[in-house]
Structures are given as structure tokens and as C-alpha cells.
Amino acid sequence: MKTLKDVKIGKTAKVVKLHGEGAVRRRIMDMGVTKGVEIYVRRCAPLGDPIEIMLRGYELSLRKADAEMIEVE
């Protein structure tokens with residue numbers, strides 16, 4: 001299983017499944033991260049957390065703990 005955390009900077013990935021449950025899963029979905037959406041990993045903070053991604057025409061920063069819940073291909 002490959003997660004968004006494993007995607008290298010400058011690469012694009014497609015969301016396959018969201019893991020997690022409850023409020024955390026709902027928050028990720030409310031930010032536009034849903035099954036089938038293309039995500040471009042733009043950059044990473046100097047210490048590795050958070051990562052900046054682009055999806056649906058906007059930029060979003062995610063903690064690596066949240067990125068681990070997003071399964072991609």
C-alpha cells in the first residue's frame with residue numbers, strides 16, 4: 001500500500017482510498033481529498049512536516065500523519 005506520504009516532491013498521484021475514521025476522515029474529505037482526485041506534491045517543509053500539495057486548483061498543507069491515511073496509486 002502506497003500512501004501520500006511516500007509520494008516524492010514533484011510527482012502526481014491519484015487517491016484510491018481514505019483510511020481513518022470519524023472526525024479526522026471527515027475533515028480530510030471536507031478539504032477536497034476524495035477518491036479519484038489527482039494530487040500533486042508541491043514541496044515539503046525543511047524538517048519534513050507538513051507537506052504542501054495541490055488539488056482541485058488550490059494549495060493545501062497536510063501533516064504527514066494525515067498524509068499516511070490517504071492511499072494513492
Side-chain angles (χ1 to χ4, degrees):
M1 177 180 85
K2 183 177 177 184
T3 64
L4 185 59
K5 180 183 172 187
D6 303 324
V7 179
K8 303 292 183 202
I9 296 170
K11 301 292 182 185
T12 302
K14 186 176 182 180
V15 177
V16 175
K17 185 176 181 180
L18 288 174
H19 297 281
E21 55 187 54
V24 176
R25 181 184 169 119
R26 169 72 12 213
R27 183 172 55 86
I28 291 172
M29 291 176 69
D30 288 344
M31 289 187 282
V33 181
T34 56
K35 184 177 177 181
V37 72
E38 295 276 330
I39 295 178
Y40 173 74
V41 179
R42 189 158 178 249
R43 62 182 167 184
C44 189
L47 296 176
D49 201 18
I51 59 172
E52 186 175 301
I53 61 174
M54 289 185 66
L55 71 152
R56 299 182 190 259
Y58 74 97
E59 296 173 359
L60 175 67
S61 291
L62 278 180
R63 295 181 301 213
K64 288 208 171 183
D66 293 337
E68 282 183 313
M69 295 181 200
I70 304 168
E71 185 177 338
V72 297
E73 64 179 9

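Screening residues 10-22 for side-chain hydrogen bond (donor to acceptor under 3.5 Å, both in side chains) gives His19-Glu71 as the qualifying pairs, with residues at least two apart or on separate chains.
The two residues Ile28 and Met69 have their closest heavy-atom pair at CD1-SD, 4.2 Å. Contact record, Ile9 with Arg42: CG2-O, 3.4 Å, taken as the closest heavy-atom pair.
Side-chain heavy atoms closer than 4.5 Å link hydrophobic residues (I, L, V, M, F, W, Y) into clusters, and following such links, even through other members, never connects Met54 to Val7. Residues Val37 and Tyr40 do not share a hydrophobic cluster, defined by chaining ILVMFWY side chains whose heavy atoms lie under 4.5 Å apart. Both Val72 and Met29 are part of a single hydrophobic cluster, where members link through side-chain heavy atoms under 4.5 Å apart.
Formation of a donor-acceptor pair under 3.5 Å by the Arg56 side chain with backbone atoms of Gly32 is found in this model.
Within the 4.5 Å cutoff, side-chain heavy atoms of Cys44 are placed close to those of Ile51. Leu18 is listed as a side-chain neighbour of Ile70, based on a closest heavy-atom distance under 4.5 Å. The side-chain heavy atoms of Leu60 and Val33, taken from C-beta on, include a pair separated by under 4.5 Å.
Scanning for side-chain contact (heavy atoms from CB on, under 4.5 Å) contacts around Arg27 gives Val24, Met31, Arg63, Asp66, with sequence neighbours left out. With sequence neighbours left out, Glu68 forms a side-chain contact (heavy atoms from CB on, under 4.5 Å) with Lys5.
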Before you tell me yes or no, could you show the steps for Val15 and Leu4 under side chain to side chain contact (heavy atoms under 4.5 Å, CB included), namely the whole-Å CA-CA distance, both residues' side-chain angles and the distance that decides it to 0.1 Å?
CA-CA 8 Å; Val15 177; Leu4 185 59; over 6 Å; no
